[in-house]
Amino acid sequence: VVQFPGPSCIRLYAYEDDEDFVDEGFAEKKGKDKGKGITECKYKGTSSAELKTFGGQQMLSAEQTIPRRDLSVAFKTYKRQLSNYQRLQLANNYCKAAYLEVMSLAKEAGTWVRATPSLGNLDDLVNEFRTPPLPGRKMEVSVATAVIPDVLASEMAEMMTLSVSILDSNLWSKLLFPLVKHVEGSNVVGSLQYLSYADVSIKAAVQMYAELQLPTTLVPTRYFEFLRYGKEIMDGIYIIVDVSSRYSDPFAKRNSERRPSGVIIREHGPEDCEIIWIENVEVDETRENLYSTIIGSNLAYGAHRWVTTLLWNLKRDKSSFSDLKIDVHPGAGSFLLALTQAMKRFFMECVSQHPDEAALTVITSGEDPIRILHNKKLTEYISFVGVNSFRVQAKPLSVFQFLMKKDLQLEFRVFGGSETNEVHEEPELLFTFGADDKSNIISLHKRVTKEGIVYGLQEASMDEYCSFILSKTLTEDTVNAHIVCGNKSIYEDSKSRMANITPSGFAIMPDGPGGLHCDASLVTFLVQLYYDPLGNPVDVEFVRKDFLSDLNNIIRELNEKVVGEKMTGIEIIHLTQGKASCI
């Protein structure tokens, strides 16, 4: 099996599970290459002079970079006539080798894994997993351990495998959101569906598609396709193994490879479990930008962040009410968790490399550091979303505390353009709904205006790798129906309800090690901009100017009140145009 040269690689040679497989877009001609059963497939526009020889066969030269399958490329694919039994054995050997590799990585990291399983001679496959990446690619390998309170080992194993079945593919995403932006699970096909026959200890196997996204437009989305299976090693000890689909499907839709990764789980006392999390991925080299340091130091996607995100979500699900000044319905808590989760999903959709086209249209160029999107789902107003990321020379904890108040001020201002009518009077706090350690707090605020009562819902979530502050206004009818009265406290977390999920707010990441006490912060600001459909026409430059006004005010206040220094107008302009990296 030979890899594609270049950043987003695919396989040139692979075992095919379907004897009659013909990839669309190719002109096929049967080869008579010494009876080896080879099919030659060639994209139009690629000459044989562009190929080199590998083992007697031709392949692309290392100078060529082909990031996607739909570009012009010529290659040959071995079509081996394998029996069903041989295919099953091949798939089983890959799974066993991936299992061995994950256990080896855990042992090499000095965890509680003290030995690796004896699975026969799998050296060739293990060596394939450890092949150095091609130019333009890099490896990110990390290991983390943690105790998961109030979750049994068997429950954790089930959450990591059965929860990503085709019936509920979003549950695993919820456990690891916002690091995992989107997940789809599907039943395995071909020889893979019989893995449990070859190994009775395999409890579940799922084909996975996952998208990983940082809360910024400056970092491309990472796309993965991989096989996940769960295995019971012995009583009370489980392993979840992920292995890239490139070993079974050379044309899987991905730009990143999940080399053997996984989670090893064992019981820890009567009610808890202990896990070892192994991340082992092959990705494109990081492009130089504000987030290069945190990505290069393996803090943005490393195993520690996965574990921290999991623990944060489990604590968030156990939130409780406090500081109550209104009567809330018993179902209000689930509504608040679903609504604020959807608000954060909207935020992540806006910064995604490819936002949902049914709801959002990017109207600025890809080179513009400021992204403006048109929200097509809102009809009451002409609605736009502005997004920009910048660096602040201040600790994330200090930035977080300041922006919590600033976020509410922005949300309570009068709709219509982006003219800021700041009200310095604090709104009335009606309740908080949060985790025991205050790592996540949802709060409802009330302000009486000339037009009536306005409610502001805010979620402030904080951890050492990524914190969010998001808020949106709620009508009195919504509060009465879903929070106070509760007789209609049902909320669908789906894209069809995106029109009702229009938050403004901030995402904060540390610019290096140190977590919340790092010396600098990376901030992404997102704001909703509304315009009267009966007013004057609105173009992109007008919206961009309004967004810049808000952005410059926030940067100036952060600098003066948190950093303790003043900025000139020229410095702010340079920052928002991407000509400076810090303030």
Side-chain angles (χ1 to χ4, degrees), residues 1 3 11 14-15 17 80 82-132 139 141-145 153-154 156-158 160-162 188-208 225-249 257-267 273-282 303:
V1 180
Q3 276 187 320
R11 289 287 184 168
Y15 296 108
D17 208 28
R80 294 197 174 184
L82 300 178
S83 68
N84 290 334
Y85 176 77
Q86 289 173 317
R87 292 170 181 168
L88 178 58
Q89 286 299 106
L90 180 63
N92 187 46
N93 286 340
Y94 266 113
C95 289
K96 288 197 297 184
Y99 164 42
L100 176 61
E101 176 72 344
V102 172
M103 294 291 284
S104 299
L105 290 172
K107 181 175 179 289
E108 292 167 7
T111 65
W112 45 263
V113 172
R114 295 290 182 260
T116 56
S118 299
L119 300 173
N121 186 1
L122 298 169
D123 292 348
D124 288 345
L125 296 180
V126 171
N127 289 336
E128 184 178 344
F129 293 147
R130 297 201 171 193
T131 302
M139 294 298 303
V141 183
S142 56
V143 179
T145 61
S154 58
M156 177 58 66
E158 185 174 345
M160 297 296 292
T161 53
L162 297 182
V188 293
V189 296
S191 57
L192 294 176
Q193 62 187 310
Y194 303 112
L195 280 175
S196 59
Y197 296 162
D199 187 347
V200 294
S201 64
I202 293 179
K203 301 300 181 183
V206 184
Q207 196 69 32
M208 302 280 291
E225 276 200 28
F226 55 94
L227 171 72
R228 164 168 294 181
Y229 73 90
K231 179 184 179 72
E232 186 173 9
I233 299 176
M234 60 179 66
D235 187 31
I237 301 181
Y238 305 84
I239 186 170
I240 312 301
V241 179
D242 297 343
V243 59
S244 173
S245 295
R246 78 179 181 189
Y247 304 111
S248 57
D249 180 6
E257 302 289 355
R258 196 159 177 79
R259 295 198 186 189
S261 305
V263 184
I264 307 170
I265 310 163
R266 71 175 180 180
E267 301 287 0
C273 71
E274 186 176 7
I275 66 172
I276 304 171
W277 197 291
I278 298 100
E279 282 297 302
N280 179 23
V281 298
E282 177 187 329

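Note that the numbering runs from 1 along the sequence shown for the chain. Not measured: the values here are computed from a predicted model. All heavy atoms count here, side chains included; hydrogens, waters and symmetry mates do not.
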Query raised in the report: If you take all heavy atoms of Glu279 and Ser261, which pair is closest and at what distance?
Result: C-OG, 4.0 Å

Query raised in the report: Roughly how far, to the nearest 0.5 Å, is the NZ atom of Lys231 from the CD1 atom of Ile237?
Result: 13.0 Å

Query raised in the report: Are the side chains of Lys96 and Leu122 in touch, meaning some heavy atoms are under 4.5 Å apart?
Result: yes

Query - Side-chain (Tyr229) to main-chain (Ile202) donor-acceptor, under 3.5 angstrom - result: no

Query raised in the report: Heavy-atom distance under 4.5 Å between the side chains of Glu158 and Tyr238, does that happen here?
Result: no

Requested in this report: List the atom of Pro117, the atom of Leu100, and the distance in Å for their closest heavy-atom pair.
Outcome: O-CD1, 3.7 Å

Query raised in the report: What heavy-atom pair brings Pro260 and Val102 nearest, and what distance separates the two atoms?
Result: C-CG2, 3.7 Å

Query - Test applied, side chain to side chain contact (heavy atoms under 4.5 Å, CB included); reference residue, Met103; option that passes from Ile264, Val241, Ile278 - result: Ile264

Report summary line: In this structure, CD of Glu267 is separated from OG of Ser154 (nearest 0.5 Å) by 6.0 Å

Query - Crowding at CG, Asn127 (>12 non-hydrogen neighbours, <6.0 Å) - result: yes

Requested in this report: Supply the atom-to-atom distance Thr111 OG1 to Trp277 CH2, rounded to the nearest 0.5 angstrom.
Outcome: 15.0 Å

Query raised in the report: Which atom pair, heavy atoms only, marks the closest approach of Gln207 to Val188?
Result: N-CG1, 3.8 Å

Query - Atom pair CG (Leu119) and SG (Cys95), whose distance is rounded to the nearest 0.5 Å - result: 11.5 Å

Query raised in the report: Below 4.0 angstrom, N of the basic side chain to O of the carboxylate: do Glu225 and Arg246 qualify?
Result: no

Query raised in the report: Hey, what do you get for CD (Glu101) to OG1 (Thr116), rounding to the nearest 0.5 Å?
Result: 10.5 Å

Query raised in the report: Does Arg259 use its side chain to pair, donor to acceptor, with the backbone of Phe129 at less than 3.5 Å?
Result: yes

Query - Inter-residue atom distance Tyr99.OH - Ile239.CD1, 0.5 Å rounding - result: 6.0 Å

Query raised in the report: Do you know the tightest heavy-atom contact between Val243 and Ala98?
Result: CB-CB, 4.1 Å

**Report entry** Heavy-atom pair of closest approach, residues Val143 and Leu105
**Finding:** CG2-O, 4.2 Å

